[in-house]
Amino acid sequence: MCMKNILFYLLSLIVLIACAQEDFSSDQEHVNGLLNLSLTKVGETQVYSPNSSGPYKNGDVIEFDISYREGTVLDLSKMKLNISLENNCYVEPQVPGFIDLSVPYTLSVVNSIGEKLVYTIKVNPIMIPKAIASVEKEWFLNANQLQCSSSFVNYLTSIAVSQNTFVVYDGVGSSGGFIKSYDTETGELLETINVPNTFISQVKTDDAGHIIANRMNIYGAGFMLYYYENIHSTPQLILNYTDADGCPKNLGGRISVVGNLKEGKAYVYATSGRYFDVVDDAGANAYYYWEFNDGVPTDIKPIKVEFPLVNGMWQIANVQRETVNAESDVFLSHFTFSETDSEPYIYGSNFYKIKAGNISDIIEMQKDNFDYKILSYKTFEIENNHFLVMLLKGFTYDAGVYLKVFDITDEQNFVEMKPGTENYDRFVLYSSESYLTYHRDHWGDITVDIKGKDAYIYAIIPDWSSASAAGVMKYHLKYEK
């Protein structure tokens, strides 16, 4: 057989086989009926999927779990069914535009051979416990609105609340500067006074609202602590820890105060770090604290606590004692940094709880819960529930700055919670909008004013040069329990 005849034979055979095939697609029996379905609320876009996927059998109960927050109402009266059927199947009777699923609904489907299949659609309301607190923004005022000195907007280092005012340090280094007092409701500037010395680092308040300003130890001047009875009073030097007494360089870059520095017991905590390009290995990776009784320190020299959990030498560190009680917990954040760091980051911030102030009993929060830089933080308590607010910034100098609020009452949550963990939304209560700033020196601060079941959070952020980007933000945490 020649090649031409062989090709003709093969082509003829293919055609005969193709013509012999029968098309069953139009006559195929589709007996399953309902393949799948979903729900939406009329006027909303969220799609709810069933607990089990199709195709479904006759008599199946198809359940949906729909959650709602405690204290709100779950309205199931206007739900829309989105139905997927096999070919040649139809719904009978037709489903109206919306149905009431506060009670089970019966759906009937007729399959391709005329069988009637019946399904029950049921919604299980799942109540999510009400969040322990809600947070909302009240205002942001930039440095121009606050009448801050335009040359100092990159050194807005601290903020604190005194009675119905908040106070801000508006100055830098050898230039001195001012302590400014503002109305907590409106942010209106009320008072401006000179700082008590050069190289003031922080302006804080004690638990009674007395204003405290500290000079950090730079150029060998020592660590100094000044006390104001009120903003109109003459500052009193209540502590002078000198170089000769062993004061480490840069001590006082960050401080915190707990208790009343006029009456009873109080503590002042301080750390050193890499400020003004001055590094002191002797003072690094340790925090220092003084105990005061009726405004008098028990010793000029502080108690030094070396902190063991640091990768290298910290850039900055913030330490805060919760109360004046002997068994009070102490919290510490530190931040190490390298301009050449890259993902996955080697450096960055860490956050710890030193249980009862015992340096050998430390627990750590998961790093995934916060950004590269913890600029500042504050812990506070409302009705035996413990909260934490952080001021955070990403790795780059131009990364946004934002607030994050946590419920840290449960110590297990403090240690184990991270994004993706069950009930994470009950651990992280709020994350604010991001404020775009450019800054190299890692300044920023937070203070919290507790009034009954309300906490008013104030945070200050600097900017390298822009007075419209630097400023103070105010947020309101409302305790809901």
Fill in: Side-chain H-bond candidate by donor/acceptor type, D207 with N260, under 3.5 Å
no
Worksheet entry | Main-chain N/O of H442 paired with K393 side-chain donor or acceptor, under 3.5 Å | no
Practice prompt. Kindly determine whether V268 and Y288 satisfy side-chain contact (heavy atoms from CB on, under 4.5 Å), including the steps that lead there.
Written response: CA-CA 8 Å; V268 174; Y288 302 76; over 6 Å; no
Worksheet entry | Carboxylate-amine/guanidinium proximity below 4.0 Å for D245 and K301 | no
Worksheet entry | Centroid-centroid distance, F166 to Y182, less than 6.0 Å | yes
Item to complete: Assess the side chains of N369 and Y424: does a donor N or O sit below 3.5 Å from an acceptor N or O?
Response: yes
Response to the item:
To the nearest 0.5 Å, atom CG of N214 lies from atom CZ of F223 at 4.5 Å
Practice prompt. Starting at CG of L392, measure out to CG of L403 and round the result to the nearest 0.5 Å.
Written response: 8.0 Å
Discussion item. With a 3.5 Å distance limit and no angle check, can you tell me whether D294 reaches the backbone of G264 through a side-chain donor-acceptor pair?
Written reply: yes
Item to complete: Please name the pair of heavy atoms, one in I382 and one in G452, separated by the smallest distance, quoted to 0.1 Å.
Response: CG2-O, 3.9 Å
Practice prompt. Kindly give the heavy-atom pair with the smallest separation between G295 and P297, and that separation in Å.
Written response: O-CD, 4.0 Å
Discussion item. Does H476 form a side-chain contact (heavy atoms from CB on, under 4.5 Å) with D454? I'd like the steps, not just the answer.
Written reply: CA-CA 7 Å; H476 177 195; D454 298 284; 2.7 Å; yes
Item to complete: For E229 and K262, run salt bridge (charged side-chain N to carboxylate O under 4.0 Å, His left out): C-alpha distance rounded to whole Å, both residues' side-chain angles, the deciding distance at 0.1 Å, then the answer.
Response: CA-CA 8 Å; E229 181 70 23; K262 181 180 180 180; 3.0 Å; yes
Discussion item. Is any side-chain heavy atom of Y430 closer than 4.5 Å to one of E136?
Written reply: no
Worksheet item: Got a donor-acceptor contact below 3.5 angstrom from the D170 side chain to the S149 backbone?
Response: yes
Item to complete: Nearest 0.5 Å please: distance from the CG atom of L332 over to the CD1 atom of I362.
Response: 8.5 Å
Worksheet item: Is the closest side-chain donor-acceptor distance between E480 and S134 under 3.5 Å?
Response: yes
Worksheet item: Under 4.0 Å between a Lys/Arg side-chain N and an Asp/Glu carboxylate O for K204 and D445?
Response: yes
Worksheet item: Counting only N and O atoms by type, is there a donor-acceptor contact under 3.5 Å from the side chain of S328 to the main-chain atoms of T323?
Response: yes
Worksheet item: If you measure only the distance, is there a donor-acceptor pair under 3.5 Å linking the side chains of N124 and E63?
Response: yes
Item to complete: Decide if atom NZ of K122 counts as having more than 12 heavy atoms of other residues, nucleotides or ligands within a radius under 6.0 Å.
Response: no
Item to complete: Flag the pair T198 / R215 as yes when at least one side-chain heavy-atom distance between them is below 4.5 Å, and no otherwise.
Response: yes
Item to complete: Given side-chain contact (heavy atoms from CB on, under 4.5 Å), test I359 with Y287 step by step and report yes or no.
Response: CA-CA 11 Å; I359 199 65; Y287 63 86; 4.3 Å; yes
Worksheet item: Any side-chain heavy-atom pair from F140 and I461 closer than 4.5 angstrom?
Response: yes
Worksheet item: How far apart are the closest heavy atoms of K180 and Q147, and which atoms are they?
Response: NZ-O, 2.5 Å
Worksheet entry | Any side-chain heavy-atom pair of R254 and Q202 under 4.5 Å | yes
Worksheet item: Do side-chain atoms of N423 reach the backbone of R426 as a donor and acceptor pair under 3.5 angstrom?
Response: no
Worksheet item: Below 4.5 Å, heavy atoms only, C-beta onward: do K373 and Q315 meet side chain to side chain?
Response: no
Practice prompt. Flag yes if more than 12 heavy atoms outside D341 fall under 6.0 Å of its CG atom; otherwise flag no.
Written response: yes
Discussion item. When you measure from the side chain of S333 to the backbone of I374, do you find a donor-acceptor pair of N or O atoms at a distance under 3.5 Å?
Written reply: no
Discussion item. Distance alone, cut at 3.5 Å: any donor-acceptor contact between the side chains of Y397 and E339?
Written reply: yes
Worksheet item: Salt bridge between E306 and K304, side-chain N to carboxylate O under 4.0 Å?
Response: yes
Discussion item. Measuring from atom CG of L251 to atom CD1 of I218, what distance do you get when rounded to the nearest 0.5 angstrom?
Written reply: 12.5 Å
Worksheet entry | Atom pair NE2 (H232) and CD (E191), whose distance is rounded to the nearest 0.5 Å | 4.0 Å
Discussion item. For K418, is there any backbone N or O sitting under 3.5 Å from a side-chain donor or acceptor partner on D368?
Written reply: no
Worksheet, complete the sentence: Value for NE2 (H210) from CD (E263), rounded to nearest 0.5 Å, stands at 7.5 Å
Discussion item. Under the criterion side-chain contact (heavy atoms from CB on, under 4.5 Å), I'd like the reasoning laid out for Y372 against F335: C-alpha separation, chi angles, the key distance, then a yes or no.
Written reply: CA-CA 8 Å; Y372 192 89; F335 159 58; 3.6 Å; yes
Worksheet item: Which pair of heavy atoms, one from L309 and one from H334, lies closest together, and at what distance?
Response: O-NE2, 2.8 Å
Discussion item. Just checking F178: does its CZ atom have more than 12 heavy atoms from other residues, nucleotides or ligands closer to it than 6.0 angstrom?
Written reply: no
Practice prompt. Using only heavy-atom distances, determine whether the side chains of N154 and H439 contain a donor-acceptor pair under 3.5 Å.
Written response: no
Discussion item. Please check if the number of heavy atoms outside K80 that lie under 6.0 Å from its NZ is greater than 12.
Written reply: no
Worksheet item: Is a side-chain N or O of D329 found less than 3.5 angstrom from the main chain of A356, in a donor-acceptor match?
Response: yes
Item to complete: Take the angle between the ring planes of W290 and Y241 and call it parallel below 30°, perpendicular above 60°, tilted in between.
Response: perpendicular
Fill in: Charged tip of K404 within 45° of F370 ring normal and under 6.0 Å
no
Fill in: Identified ring-ring contact (aromatic ring centres under 6.0 Å, His included) partner of F387 from the options Y377, F380, F414
F380
Discussion item. Contact between I132 and Y479 at the side-chain level, heavy atoms closer than 4.5 Å - yes or no?
Written reply: yes
Item to complete: Check for a donor-acceptor pair, side chain of S162 on one end and backbone N or O of G209 on the other, with a separation under 3.5 Å.
Response: yes
Worksheet entry | Under 3.5 Å donor-acceptor, E322 side chain and V330 backbone | no
Worksheet item: What are the two closest heavy atoms between N194 and Y228, and how far apart are they?
Response: O-OH, 3.9 Å
Fill in: Heavy atoms of other groups near E422 CD, more than 12 under 6.0 Å
no
Worksheet item: Tell me, do M365 and M390 make a side-chain contact under 4.5 Å, heavy atoms counted?
Response: yes
Response to the item:
On a heavy-atom basis, the closest approach of T165 and S181 is CB-OG, 3.4 Å
